[in-house]
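Down below is the structure, laid out as structure tokens.
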Protein chains: 2
Amino acid sequence: MSELPPIAVRFDDPACADAAQPFRVGDKWTGVVLRCLEDGAARRFGELRAALPWITAKVLTETLRSMERSGFLARSAYDENPPRVEYALTPLGRSLLGPLDTACAWARAHGTEIGDARAAYTGDRPVA
Amino acid sequence: MSELPPIAVRFDDPACADAAQPFRVGDKWTGVVLRCLEDGAARRFGELRAALPWITAKVLTETLRSMERSGFLARSAYDENPPRVEYALTPLGRSLLGPLDTACAWARAHGTEIGDARAAYTGDRPVA
DNA sequence: CGGTATCCACGTTGATACTG
DNA sequence: CAGTATCAACGTGGATACCG
């Protein structure tokens, strides 16, 4: 299985610019994990860690547990040495990808307008 | 201008069941405010308050400020007695409605599956 | 009417260290 | 390798009271 490239901070990445990203899927990191698994392949914990170096192991674990609990992904543990654990999207998890794409498309089309609006915002509240 | 009906807790309402609602737009209440203004009409602060009685004035003010700052809505204050302030979506704010509908459609189609998955979840992690 | 000011409880994130 | 334990820091959200 090929290594996942680290997910750079992209505009359509919920990890970056929460400020400029009005759409969120699930918890803070759910969207990025979905992106890591969107091709349908199963990934090991370490692969996900390597792809998302800015998430601590603890938070990644919590995110994966939460997604598992909601039925978005399935966890498979193999009793080997060294241990191996794999995560893959379920059909329910894959069903999130469409709306996620819609949100990302919005961000690509309009995201910069948010920054423009904030830059232009003075806090003045003229009286009509 | 007609009174806004209170927004009941609907499944596609981000206010209810954060747990079962994986999509969020902006801050906690941004989505509901968008819904209140989606018809394009301007609403007074008090109208929004009445429609969203479960949001405190402070938090509603913060939400409106944040949305104004991001360019999602425009605030108009009229120097009258008693004071009048109106909020209306900007074109940028209206552009959010499409993705919001997509997210709500997902929730209607798949939302119950999350609850099912949680009910079925035992925390057992069988070893393969 | 349309807000602010103040204070607080809570949940989430994060750093660090440790383990089967 | 794939986690867990612990603790600290922070931001959000909410209750209440007051103001121009």
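Note that the coordinates shown come from a computational prediction; the quantities given were computed from them, not determined experimentally. In what follows, every chain begins at residue 1, and chains take the letters A, B, ... in the order their sequences are listed.
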Say whether, by atom type as modelled, one donor and one acceptor occur between the side chain of A:Trp106 and the main chain of B:Ser95 under 3.5 angstrom.
yes
Comparing nearest nucleotides in DNA chain C, the 5'-proximal residue of the pair B:Arg75, A:Pro83 is B:Arg75
Taken to the nearest whole Å, CD/B:Glu68 to C1'/C:dG3 is 13 Å
B:Leu52 CG to C:dG3 P, in whole Å, measures 14 Å
field: Phosphate-side-chain proximity, A:Arg44 and D:dA2, N/O vs OP1/OP2 below 4.0 Å
entry: yes
Here the distance between atom P of D:dG20 and atom CG of B:Asp79, to the nearest Å, is 16 Å
Salt bridge (charged side-chain N to carboxylate O under 4.0 Å, His left out) filter on A:Glu113, not counting sequence neighbours, yields none
Whole-Å distance, B:Glu86 CD to C:dC1 P, equals 14 Å
Any N/O pairs under 3.5 Å between the protein and nucleotides 12-15 of chain C? List them or say none.
| residue | atom | partner | partner atom | Å |
| --- | --- | --- | --- | --- |
| C:dG14 | N7 | A:Lys58 | NZ | 2.8 |
| C:dG14 | O6 | A:Lys58 | NZ | 2.2 |

Item checked: Side-chain donor/acceptor of A:Ser70 to backbone N/O of A:Met67, under 3.5 Å -> no
Would you confirm whether B:Ser66, through its side chain, and B:Glu62, through its main-chain N or O, come within 3.5 Å as a donor-acceptor pair? no
With the side chain counted from C-beta on, respond yes when A:Leu100 and A:Phe23 share a heavy-atom pair under 4.5 Å apart, and no when they do not.
no
- Query: Any side-chain N or O of B:Arg65 under 4.0 Å from OP1/OP2 of C:dT4?
  - Reply: yes
From CG of A:Leu64 across to C1' of D:dG3 the rounded distance in Å is 11 Å
Answer with base, sugar-phosphate or nothing: what part of the nucleic acid does A:Arg84 contact at a heavy-atom distance below 4.0 Å?
sugar-phosphate
Checklist entry - Would you call A:Asp101-A:Arg35 a salt bridge at under 4.0 Å N-O? => result yes
